[in-house]
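Lettering of chains follows the sequences in order, A, B, ..., and the numbering in each one begins at 1.
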Amino acid sequence: MTSLNVNIAGVMLKNPITTASGTFSARDSGAFYDINELGAAITKGVSNVPWDGNPTPRIAEAYGGMLNAVGLQNPGIDDFINNELPFLRKFDTKIVVNVVGKTINEYCEVAEKLSDAAIDMMEINISCPNIKEGGISFGANPVMAAKITKEIRSIARKPIIMKLTPNVTDITEIAKAVEAAGADGVSLINTLLGMKIDVYQKKPVLWNGMGGLSGPAIKPVAVRMVYQVRRAVSIPIIGLGGIMTGEDAAEFLMAGADAVSIGTAALVDPTAPVRIKNELIEFMEQNGYRNLRQIRDAML
Amino acid sequence: MTSLNVNIAGVMLKNPITTASGTFSARDSGAFYDINELGAAITKGVSNVPWDGNPTPRIAEAYGGMLNAVGLQNPGIDDFINNELPFLRKFDTKIVVNVVGKTINEYCEVAEKLSDAAIDMMEINISCPNIKEGGISFGANPVMAAKITKEIRSIARKPIIMKLTPNVTDITEIAKAVEAAGADGVSLINTLLGMKIDVYQKKPVLWNGMGGLSGPAIKPVAVRMVYQVRRAVSIPIIGLGGIMTGEDAAEFLMAGADAVSIGTAALVDPTAPVRIKNELIEFMEQNGYRNLRQIRDAML
Amino acid sequence: MIKKIIAAELIENKEIADKVYRMTMKAPQISESFCPGQFINVYLNDKSMLLPRPLSISSVCEDTVTLIYKVVGKGTRKIAAYCPGEVVRVSTSLGNGFRLEDVFNELGGNSKVIALVGGGMGVAPLIGLARMLIKEKKVRGLSDEVVQIIAVVGFYEEPILLEALEECCHRVYFATENGTEGFKGNVIQLIEQNDIRADYYMACGPKPMLRAIAGRCENTGISIQVSLEERMGCGYGACVGCVCKTREKGTSKTKLKKVCSDGPVFFGNEVVWDD
Amino acid sequence: MIKKIIAAELIENKEIADKVYRMTMKAPQISESFCPGQFINVYLNDKSMLLPRPLSISSVCEDTVTLIYKVVGKGTRKIAAYCPGEVVRVSTSLGNGFRLEDVFNELGGNSKVIALVGGGMGVAPLIGLARMLIKEKKVRGLSDEVVQIIAVVGFYEEPILLEALEECCHRVYFATENGTEGFKGNVIQLIEQNDIRADYYMACGPKPMLRAIAGRCENTGISIQVSLEERMGCGYGACVGCVCKTREKGTSKTKLKKVCSDGPVFFGNEVVWDD
Ligand SMILES: Cc1cc2nc3c(=O)[nH]c(=O)nc-3n(C[C@H](O)[C@H](O)[C@H](O)COP(=O)(O)OP(=O)(O)OC[C@H]3O[C@@H](n4cnc5c(N)ncnc54)[C@H](O)[C@@H]3O)c2cc1C
Ligand SMILES: Cc1cc2nc3c(=O)[nH]c(=O)nc-3n(C[C@H](O)[C@H](O)[C@H](O)COP(=O)(O)OP(=O)(O)OC[C@H]3O[C@@H](n4cnc5c(N)ncnc54)[C@H](O)[C@@H]3O)c2cc1C
Ligand SMILES: Cc1cc2nc3c(=O)[nH]c(=O)nc-3n(C[C@H](O)[C@H](O)[C@H](O)COP(=O)(O)O)c2cc1C
Ligand SMILES: Cc1cc2nc3c(=O)[nH]c(=O)nc-3n(C[C@H](O)[C@H](O)[C@H](O)COP(=O)(O)O)c2cc1C
Ligand code: FES
Ligand code: FES
């Protein structure tokens, strides 16, 4: 029998398929597939107070991908805990809450509140601009990344997965810094910073000018980073970036990921998480893998 | 009349279409189109002595792009000057020689020899690993990038265009460093570091493991970087990365490039440089641009 | 509501005006529970373009669904290239359509007029809407003396769907901006100069038109439902790409709603129009 | 030589063995100057796959060109889905084919044998090669007493193109690795156990096979031309993706040559086989 179980930082996922932050809504995605099929639901970023995000247009299409500049719109942690979490809790899947902030204090405030909530893990999105340090993202600098990890780790009473940005010279440096600072895992990659110009309107397509590139276009960069980080740290890795098929998921697992997230694929095909799960099972059966560990070890 | 002229560091190109380094062979590309149509021919990387490059497979396909790990195979500067340059010289186009090395001395040796050769400019590829400093690429660090620029600038008797790698946290920092160190221009972007795993063979597709991602998949990252660098430096920019059509070329020009290079597009459609040139002319005519400056200024 | 991605067979895909196409497909999963104002996602075969194209359902008839769309870019160009007999991947109905209940609940008494206002491609969903209003009138036993449906539509140059509107509306007023046909001007000018009055408005079109007409309604205390458009990612509520600012009833508190899944139809007084 | 990307109309695209297809297209620009061993680039419509697929020209006939290919991945799967009447984007002939001049210049005297050796899909170009050798024999007035052409081919399980080879070769030897048909074993074993001798070899197939047979030729001082395969980017010489190591005649100096534009056919003793 093929087993899909995987233990991420002490939390047992029944399968390695999770939803990439910002591309899943329990109510709306749940209209297309059964949320109970997910290994974990990773929510969109939640901050200490409600954020409005950016004006529209927030979405632009790119070759084999898309750009988004949603700007982390969310109703804030209190509203999340009161209104969204109870609905999510009805399902038999693990709940991972993506956390965002503009200062370390803001992250900590959310982490503190989530520690008492009925969730399983937190995913800390450190791609947000650090407004205290000139707006450079927390994840772009190993010292800052370590600092924020340490502070959150010291107050969070759930596992914390640090979500890394790919827009750095050396991702292994950041991964090693957050591991040393106590991260229980890392997830990678977030979006690549990109831009699209409408040459007829003579302006960027996105209101915000720049946005995050996601989708199959970025997969080779993501696979490379998962491969590098796997060889640099020993904590669990959630791999993502352009996964469209079960074969893609297997590629991330083989590169060293313990679990995977499905993002843009779910916007392009709303049933993608379940389809990819089934394709992964088929891949495992046809190629003689009985569990995920065997895929992960195939190339080590 | 639509004018396509553009002055790059004192060299007048009759049009902004150039060939991206490593994707052009005068003899072989010349079988598909008339090389006289190019604004400039940018050669593949040339080093002080012959380089063998990597074993095969050197090429892998990616969604909307490709990975290459050619490893800068080239016959060395002497062979280039004696055997390739005379053939190239027959055409009425500017000649830009891409220069590679593993130490600053190796770069300088090539730049010295090229200063006496019948070429128009040099494009210095600083994505190569710096073997003296632990194999990290010269272009990944502003101090190293400035140092190599300064040294080459002090001996080169032709304009030098520094070709930047996108695999950095902040490309404007590198661009400003090379400008301050005397670069006559910058070209960007080189390939994104990526990887593809064959999940059936259980190994990377490329012999080298990792390779450079190019093609339309990387265009949004390239446009973003050209846009950022245009607003950070005032030297000319050659923009490239995934240009497939005249509209794409216009997008780079509007982002701030003075000229563009066609790379992967020419592998995918051997006549791409000429097609793209014609499409750009059509775009200009239909949208009332009489020269390139007007496109470049449209968004400033 | 369970939603699905289905493969629908094309029956027709024909240019009916300059760059404007009518596409009819067999899709009982969509037609059987249609509410006017809803849209569907059309997924493309071209692998360089991943995002679906949202298109309003113009009308349904038995087991078929008709879309009216304009070729404005690469995606719609691909859609226009499909041939009858081919199969298109589309979603089942998305979003919340016009609230017909609300219209009839509000319109008491006699000689009431419902005005359907459309601009450009915004005219497309008005066909299905008008037909559904007629059905609803019948169900409620409301004669033309009690409720009349009129259409007020504007175009840049070439009017579309006038005949279809005329078949189901009491009267159709139309304008073209450059004056090639009909009234010369925009929809608002058309309304003003013809002194068109109605007791309920239902509108679909470009935002400036919607803003203007919603403003008029606000001033005169008349109800209006508007169908908004926003650049979309997923089209079903997962990406939060398509928001519009709304006001919570009776408060000054604003809330960002998703056009695709909370809308695309909103009450005019709910929308914060100023940005 | 001017090269072009052309649109060729398909006449046939048929599965002739398990996963093996024969594709015939109308392409006078290719057929009129065909040299066996050359290949063409087949460009795909699927925009997620940008690189062309290199396929050997198996044979030409008047204004048509025939390819024989196996579905091994996503790209060849797409190629197999093309239907007759559709148009495929292909390049005109690429690379340097077998050097027939060299064969006849070398073979003096009587009773000479040219052996065409093929493994798997490497058999495809041998059809065109055999036919061209026959033509060349005629032109030079060489009877079968003077020069004979034989074929020695091996497959994993299912032989292909045997009939076509039989039509143009004096004798066809064949093997299957799992012994389902013909000799059980590989091409080298087939040659050894049947004591097949020839005065010139021309081979196409997997590298281990080519290496083994080139080694035999080296030892016995017999000439051989081999057609190599390498993973390609552009297929026409621009990307330097497809190199193989060669030895400069009479020296120990090695040189990296491009399989696509310097090859794919090389002299056996030119290739450095050891890596
Ligand atoms: C709810 C809704 C209903 C619609 N109904 C209709 C209709 O019935 N008839 C009709 O002709 N058009 C309709 N549109 C507009 C239609 O979706 C766009 O014209 C179409 O997506 C443009 O695609 P393109 O690739 O041709 O254009 P491009 O500009 O090349 O598109 C590039 C990207 O921008 C997006 N985009 C561009 N314009 C719009 C837009 N206005 N709204 C949303 N996304 C956009 C595309 O989906 C794509 O991701 C509707 C839009 C929405 C949101
Ligand atoms: C000069 C030459 C002639 C050939 N002639 C024939 C022929 O006549 N019949 C036939 O069946 N096959 C032939 N091949 C092999 C054929 O090109 C590959 O099987 C085909 O490209 C695989 O594509 P795919 O997308 O189905 O496979 P995938 O493995 O999905 O391809 C992925 C990528 O790898 C490349 N690739 C994979 N295998 C090869 C290969 N062996 N050579 C080059 N690139 C490869 C593809 O082009 C593509 O870029 C030839 C190859 C070369 C180099
Ligand atoms: C519309 C959208 C919204 C996103 N919002 C978030 C977010 O709130 N927090 C976060 O960490 N990542 C966010 N991401 C990034 C994704 O979680 C993911 O890292 C990225 O899209 C790459 O995966 P993909 O290629 O599978 O989409 C968002 C991505 C998209 C497309
Ligand atoms: C096969 C190949 C070889 C390349 N060789 C070089 C090189 O020698 N020197 C260099 O500076 N860039 C080299 N590049 C990078 C390209 O010049 C270009 O920066 C990159 O491919 C992005 O442009 P594109 O997307 O248009 O291909 C190479 C790219 C490819 C695909
Ligand atoms: S388009 Fe994704 S939420 Fe509306
Ligand atoms: S495949 Fe590009 S040089 Fe041979």
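The residue among A:R58, A:R27, A:M66 with the most heavy atom pairs within less than 4.5 Å of chain C is A:R58. Options A:A69, A:G65, A:S25 differ in how many heavy-atom pairs under 4.5 Å they form with chain C, and the most are formed by A:S25. Comparing C:G241, C:S261, C:C242 by how many heavy-atom pairs each has under 4.5 Å with chain A, the most go to C:G241. Taking chain A as the reference chain and counting heavy-atom pairs below 4.5 Å, the highest number among C:G75, C:G235, C:C260, C:C234 is found for C:C234.
A salt bridge is defined here as a Lys NZ or Arg NE, NH1 or NH2 lying under 4.0 Å from an Asp or Glu carboxylate O, and C:K257 with C:E230 fails to meet this definition. Looking at A:K219 and A:E251, a side-chain N of the basic residue comes within less than 4.0 Å of a carboxylate O on the acidic one, giving a salt bridge. Ion pairing between a basic and an acidic side chain is recognised when a charged N comes within 4.0 Å of a carboxylate O; A:K113 and A:D78 show such pairing.
Contacts between A:A62 and chain C at a heavy-atom distance below 4.5 Å involve the backbone alone (N, CA, C, O). For C:Y43, the part lying near chain A is the side chain, with the backbone staying farther off; criterion is any non-hydrogen pair under 4.5 Å. Heavy-atom distances place no part of C:L44 under 4.5 Å from chain A, backbone and side chain included. Residue C:K255 does not touch chain A at all, counting heavy-atom pairs closer than 4.5 Å. Contact annotation for A:Q73: only side-chain heavy atoms (C-beta onward) come within less than 4.5 Å of a heavy atom of chain C. For C:K3, the parts sitting under 4.5 Å from any heavy atom of chain A are the backbone and the side chain alike.
The aromatic rings of C:Y236 and A:F32 sit perpendicular to each other, their planes meeting at more than 60°, with 30° as the lower class boundary.
Screening C:K4, C:E32, C:Q38 against C:T92 for a side chain to side chain contact (heavy atoms under 4.5 Å, CB included) leaves a single residue, C:K4.
Residues C:T64 and C:T24 bring no donor and acceptor atom of their side chains to less than 3.5 Å of each other.
The closest donor-acceptor contact from the side chain of A:N74 to the backbone of A:S47 lies under 3.5 Å.
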